[in-house]
Amino acid sequence: MATAAATTHPLSSISKPVGDWVRSVAELTQPDAIHWCDGSDAEYRSLMAELQTSGELLKLNPEHFPNCFLARSHPSDVARVEHLTFVCTTDREDAGPNNHWMSPADGHAKMRDLFKDCMKGRTLYVVPYCMGPIDSPYSRCGVEITDSAYVVINMALMTRMGLPALERIGREGSFVKGLHSTGELDPNRRFIMHFPEELAIESFGSGYGGNALLGKKCHALRIASFQARNEGWLAEHMLIVGLQSPQGETHYIAAAFPSACGKTNLAMLIPPGSMPGWKVFTVGDDIAWLHPGPDGRLYAINPEAGYFGVVPGTNPKTNRNAYEMIRRDTLFTNVALTADNDPWWEGLESGTPVIDWQGRPYDAKNGPAAHPNSRFTVSAKKNPNYAPEADSPRGVPISAIVFGGRRRGVAPLVYEARDWNHGVLVGASVASETTAAAIGEAGVLRRDPMAMKPFAGYNFGDYWNHWLAIGAKLKHPPRIYHVNWFRRDANNKFLWPGFGDNLRVLDWILKRCNGKAEAAETPIGNLPKAKDLNLAGLDIAPQALEQLLSVDATEWRAEAADMNKYLDEFGARTPAALRAEVQALQKRLG
Ligand code: SAT
Ligand code: MN
């Protein structure tokens, strides 16, 4: 191990468990230097300068995009790799059929071989971070060790990174240990391993997104969901948004959708011009940690401090806030470039690409100019609608939980669960057409319970049980809904305009929560009639609305049967109460 270990802050805040762990990792990986991150602006600037010198970051046009940069990942390293992501629990059943499993001993042995000497010639960065407001009892800390400066700057934008986190770890003792190396970016030597019983993550061979920024999916969902079950809370793949009605009442909604289904757009929604007086505040765009509060309600914090959002499709019409937000202080990954050195992506609707995401002269024959999973990383504070409550240690009370998927048929625009337990079935039944956020074929329908399929760190059977238990504990549980913005007509055209107009659906949901809106009871749950929705100023054909709000019993009988089959996969771990909910649904469907 290198003797010249650079230290950038007083050693007194390094607790023994952190120091010991870093030393043991350095012995294994043999870095040339060790850099303890303090999270200061000076450190950020110097890392950015280093990455520009090495060519890993390109400065974008400073007049049009001040302080914005472009990173290009290896062409084989552009998304999460679910087939190489493992949950290593002592008992295989604890990981469940929803995870790839390896024994902890095998997992560690495999990773030890990969990590051995892997940081020779590189710098080992120690990245202490806090998921959630630094002074919140609901927050949890971690330390990521990485040999990628790109990962460090992403973590600086995405988490509360630096000295205050290290100090909290010193006080608390326990922290999530995340070890990451980009390795040789060889897809055959790439693994993302989770050891929930040890609160540890080991990731090798990828520098991209959820594979490498270990605070995000690895810690805040897979490890945290496991931790949350033991401690009596929920770690969920949900945005958190505050909605202020024209009457001045604010409610918070948590909503779960599979990756790349428009969560960031919903979290940053812009009310349509025909709904004056509404205000929308973003608390979080991807992950929510939900805790039963002292008043019997469910409270949410966003463990993250920044956004790692999908770029393609962002334009002033689809998401003006995001479009404005990413014009400064933003790190782009895998977008294209114009002749002016501006970033470019499909769906931008202005400018022309000349260089594609791989740095080649743009040629339509090579596919899209920007990678479909190209991303922006930006501090949440840059969002013009950033909710100050995002920094509140007690979180925000949740009035409604919304589940959704990308489905061309079956699921109506919106329906309301009859009660919490039925809502757990609604969440467990989420299915969606796959997107570019993970490697694999896009457009295939797959079950994605609570949008947690790739992210639950333990057996889904146990997870649903835990959801049922949380509901039983809540005196005032949020109501639960399912939405589908993606329903299509016979000509494959979207029936619902989506984007800002989704507020019309949320408006009905909030009115339901306040006992101010009507609904029609159907076998699958409660649906609005067209007259119950605020449609002022919306140009939509009555037949389209009718289709959007229709429930086809034949289709739903098939859906329920398929759900039963899916629950079979979890055997004895499937809660009886969930089976009972499917049976009750089948009975209502006749
Ligand atoms: O790559 S990430 O997991 O961070 C993004 C996503 O899939 O939502
Ligand atoms: Mn996500």
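For ligands, and for the atoms within them, numbers begin at 1 and follow the listed sequence. Hydrogens, waters and symmetry mates are skipped; everything else that's a heavy atom, side chains included, is used. What you see is a predicted model; the values in this text were computed from it and never measured.
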Tell me whether the NZ or CZ atom of Lys177 lies within the 45° cone about the ring axis of Phe175 and under 6.0 Å from its centre.
yes
Using a distance threshold of 2.8 Å, what protein N/O/S atoms lie below it relative to the Mn ion (ligand 2)?
Lys217 NZ, His237 NE2, Asp286 OD1
With Trp289 as partner, the option from Tyr299, Tyr138, Trp233 fulfilling ring-ring contact (aromatic ring centres under 6.0 Å, His included) is Trp233
Within 45° of the six-membered ring axis of Phe486 and under 6.0 Å from that ring's centre, is NZ or CZ of Arg407 located there?
no
For the backbone of Gly347 and the side chain of Asn315, can you confirm whether one donor and one acceptor N or O come within less than 3.5 Å of each other?
yes
Hey, is Arg375 one of the residues with a heavy atom under 4.0 angstrom from ligand 1?
yes
Is Arg80 close to ligand 1, meaning an N/O of one under 3.5 Å from an N/O of the other?
yes
So if I count the atoms of ligand 1 from 1 in the order they appear, which ones are less than 4.0 Å from some heavy atom of Phe308?
1 (O), 4 (O)
Can you tell me how the ring of Phe332 sits relative to the ring of Trp345, calling it parallel under 30°, perpendicular over 60° and tilted otherwise?
parallel
Trp485 side chain to Leu413 backbone, donor-acceptor under 3.5 Å
no
Within 45° of the six-membered ring axis of Tyr458 and under 6.0 Å from that ring's centre, is NZ or CZ of Arg229 located there?
yes
Part of Tyr208 with heavy atoms under 4.0 Å of ligand 1, whether side chain, backbone, both or neither:
neither
Per-atom filter on ligand 1: closer than 4.0 angstrom to a heavy atom of Lys216 are 4 (O)
So, is Ser259 polar-close to ligand 1, with some N/O to N/O distance under 3.5 Å?
yes
Residues that Glu304 engages under salt bridge (Lys or Arg N to Asp or Glu O under 4.0 Å), provided they are two or more places apart
Lys216
Looking only at protein heavy atoms, which one is nearest to atom 2 (S) of ligand 1, and how far off is it?
Gly210 N, 3.5 Å
Looking only at protein heavy atoms, identify the closest one to atom 6 (C) of ligand 1 and say how far it is in Å.
Lys217 NZ, 3.0 Å
Between Glu346 (side chain only) and Ala370 (backbone N and O only), is there a donor and an acceptor less than 3.5 Å apart?
yes
So, is the end of the Arg488 side chain (NZ or CZ) under 6.0 Å from the ring centre of Phe494 and within 45° of the ring's axis?
yes
